Amino acid sequence: MAEERMLITGGQRLEGVVRVSGGKNTAVAVISASILSQTPCVIENLPNIEDVNVSVETLEHLGAKVQWCPEQGMMEVDASSIHRTDVPLDLCRRMRASSYYIGALLARFGQAQVPLPGGCDIGRRPIDQHIKGMRALGAHVETARGMVSAQADRLVGGDVFMDMVTVGGTINVMLAASRAEGTTTIYNAAKEPHIVDLANFLNSMGCRVKGAGTDVIRIRGVSSLSSRRPYAVIPDQIETGTLMIAAAATHGDVTICGCIPTHMEALTAKLLEMGARVDERDDAIRVRSIGAHRAVTFKTQVYPGFPTDLQQPMSALLCTATGTSTVVENIFESRFRHLAEMERMGARVRIYEQTAVIEGVPLLHAAAVEATDLRAGAALVIAGLMAQGTTEIYNTHFIDRGYEHLEDKLNSLGAKIWRIRD
Ligand code: EPZ
């Protein structure tokens with residue numbers, strides 16, 4: 001396959017209005033949950049990204065009939081023709097959320113064979129809590145030679161105590177519990193917006209999920225779920241944040257519409273602390289910035305703390321702030337690789353295990369850099385927007401996994417970004 005590079009001529013001020021797409025992490029969860037429905041299911045506001053394409057391939061492999069209209073963000077899934085319960089390795093390697101098919105297939109068909117998932121290389125990503133949760137519902141789960149095999153003649157609701165807050169683990173147990181007999185209670189559950197969205201989707205199909213958005217979620221399983229009306233997924237919190245950071249990074253004036261401002265509080269607070277101006281309306285956020293930004297300190301945390309997925313774009317922005325910033329990455333072990341790439345652009349960074357100390361420089365200069373994962377790619381786009389000269393970003397396929405038409409959106413605001421294929 002020809003290698004694609006993204007080229008960015010930096011120094012352009014971003015200005016105007018841009019609309020955010022549907023959420024990646026909610027889309028992959030809701031699509032996997034569509035196989036629980038006895039009736040065809042219509043999902044709207046889906047982003048046109050590679051992870052959604054992989055989800056479509058997964059459903060088709062299982063035997064579902066899928067109509068995917070990327071331009072309308074609309075998908076219809078008819079799961080009545082599913083005739084297998086395994087997900088192939090090449091699909092699992094391409095998407096972390098493949099693990100959701102363990103919970104969904106187990107709930108619907110009483111069995112699942114799914115290889116251990118891949119996804120972004122940002123540190124260790126075990127699924128022991130997912131498995132523990134399914135075992136608590138009575139499933140027999142084995143892992144051998146990189147394959148997870150789950151089987152249950154019947155699932156019975158139970159108590160699941162998560163050892164740590166895990167987004168994927170919470171989602172997978174919610175899926176498995178949706179058709180279990182009785183009530184499942186997840187303690188120490190994740191509270192991220194896409195957990196609430198998945199709960200709303202399951203409830204729209206007749207399930208009874210309560211407490212999503214708090215750390216105790218109760219799921220009363222039902223014997224069958226049926227989609228009754230189209231379901232639109234929530235806007236992408238991380239894309240919204242990336243665009244907010246891009247606006248600040250270029251000292252621009254950008255209004256991001258179609259977003260949910262309350263999902264953005266942790267980032268908004270830090271941008272204000274840096275000296276940017278942020279105004280919120282019901283479904284829009286305007287970010288303006290004039291003059292130098294102040295250095296800040298932040299730690300990544302589970303929601304509603306500062307999201308790890310925005311740590312990379314935000315730490316890229318801090319490379320040009322006045323003073324020394326400290327960033328602590330508490331969720332994943334290996335999420336500073338973009339900063340090593342940015343050292344080629346003149347960034348001054350020291351990394352001590354999970355802490356990055358960033359000494360702001362007045363200007364970055366263009367260089368050839370490599371995206372090592374999705375949000376590292378977004379961080380390098382931010383860096384390219386700020387840098388003098390034309391930055392070249394390799395491995396753009398990472399960016400396409402999770403951002404819909406990122407360069408088109410930024411170009412509509414005045415950026416100069418294009419791609420070339422070698
Ligand atoms: C989800 O990953 C997101 N992916 C990630 O988005 C996001 O970074 C992450 O949540 C944290 O918010 C999707 O939603 C598809 P976790 P997930 O389970 O579910 C440990 C992006 O850029 N853990 O909440 O894999 C784990 O090692 C991405 O969009 C266990 O030890 O994250 C990590 O340290 C990348 N055992 C922590 O918990 C388990 O069984 C949080 O992981 C599960 C997790």
Side-chain angles (χ1 to χ4, degrees), residues 21-33 47 49-52 54-55 58 92 94-103 116-136 141 143 148 160-175 186 188-198 215 233-234 236-242 263 266 299-314 328-335 337-338 354 371-379 398-404 406:
S21 301
K24 165 180 99 77
N25 289 342
T26 194
V28 291
V30 165
I31 294 172
S32 73
I49 54 173
E50 193 47 30
D51 273 18
V52 169
V54 175
S55 302
T58 305
C92 285
R94 284 159 62 197
M95 188 177 72
R96 172 78 188 163
S98 305
S99 66
Y100 299 162
Y101 290 88
I102 308 173
L116 288 166
C120 280
D121 182 12
I122 51 181
R124 253 171 32 86
R125 299 182 77 180
I127 60 162
D128 54 301
Q129 299 302 304
H130 307 222
I131 293 172
K132 178 175 123 171
M134 287 177 218
R135 285 184 178 147
V141 189
T143 54
V148 182
V160 180
F161 295 88
M162 294 290 183
D163 292 344
M164 79 280 299
V165 178
T166 149
V167 172
T170 304
I171 288 175
N172 230 340
V173 176
M174 285 167 74
L175 293 169
I186 307 176
N188 200 22
K191 294 183 279 203
E192 269 65 6
H194 40 296
I195 301 285
V196 179
D197 209 29
L198 176 65
D215 52 15
V233 302
I234 54 168
D236 197 303
Q237 176 200 10
I238 307 304
E239 187 200 4
T240 304
T242 305
H263 291 168
K299 297 177 183 179
T300 61
Q301 288 172 330
V302 294
Y303 188 82
F306 196 98
T308 171
D309 295 348
L310 286 175
Q311 176 270 109
Q312 291 157 296
M314 184 65 165
V328 182
E329 172 54 63
N330 283 319
I331 311 293
F332 291 111
E333 293 145 21
S334 182
R335 244 185 165 177
R337 288 158 77 187
H338 61 295
Q354 298 307 109
T372 49
D373 63 81
L374 164 60
R375 309 298 171 190
F398 282 118
I399 299 172
D400 299 333
R401 278 196 47 210
Y403 288 94
E404 179 176 60
L406 182 62

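Only a predicted model underlies this, so the values are computations on that prediction, with no experimental measurement involved. Just so you know, ligand 1 is whichever comes first in the structure, and atom 1 is the first atom listed for that ligand.
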Under 4.0 Å, heavy-atom basis, I'd like to know which part of [X] is in contact with ligand 1: side chain, backbone, both or neither.
{"X": "Thr166", "value": "both"}
{"X": "Phe332", "value": "side chain"}
{"X": "Glu333", "value": "neither"}
{"X": "Tyr100", "value": "side chain"}
{"X": "Ile331", "value": "both"}
{"X": "Thr308", "value": "side chain"}
{"X": "Gln301", "value": "neither"}

Identified side-chain hydrogen bond (donor to acceptor under 3.5 Å, both in side chains) counterpart of Tyr403 within the set Lys24, Glu239, Arg375 | Arg375
Is there a donor in the side chain of [X] and an acceptor in the side chain of [Y], or the other way round, less than 3.5 Å apart?
{"X": "Tyr101", "Y": "Thr58", "value": "no"}
{"X": "Asn172", "Y": "Gln129", "value": "no"}
{"X": "Gln354", "Y": "Asn330", "value": "no"}

Relative to atom 8 (O) of ligand 1, which among Asp309, Asp51, Leu310, Asp236 owns the nearest non-hydrogen atom?
-> Asp309
Check: [Y] main-chain N/O paired with [X] side-chain donor or acceptor under 3.5 Å:
{"X": "Asp215", "Y": "Ala189", "value": "no"}
{"X": "Arg337", "Y": "Ala376", "value": "no"}
{"X": "Lys132", "Y": "Phe161", "value": "yes"}
{"X": "Asp400", "Y": "Glu50", "value": "no"}
{"X": "Gln311", "Y": "Thr300", "value": "no"}
{"X": "Glu404", "Y": "Ser21", "value": "no"}

Answer yes or no: are there more than 12 heavy-atom neighbours, outside Lys299 itself, under 6.0 Å from its atom NZ?
-> no
Subset of ligand 1 atoms that lie under 4.0 Å from at least one heavy atom of [X]:
{"X": "Arg375", "answer": "21 (C), 22 (O), 29 (O)"}
{"X": "Gln129", "answer": "36 (N), 39 (C), 40 (O)"}
{"X": "Arg96", "answer": "25 (O)"}
{"X": "Met164", "answer": "23 (N), 30 (C), 31 (O), 36 (N), 38 (O)"}
{"X": "Gly168", "answer": "18 (O), 19 (O)"}
{"X": "Lys24", "answer": "21 (C), 29 (O)"}
{"X": "His130", "answer": "40 (O)"}

Judged by non-hydrogen atoms, does [X] sit under 4.0 Å from ligand 1?
{"X": "Glu329", "answer": "no"}
{"X": "Ile127", "answer": "yes"}
{"X": "Gly402", "answer": "no"}

Quick one: OG on Ser55 to OH on Tyr100, what's the gap to the nearest 0.5 Å?
-> 10.0 Å
Has ligand 1 got any nitrogen or oxygen that is less than 3.5 angstrom from a nitrogen or oxygen of Val28?
-> no
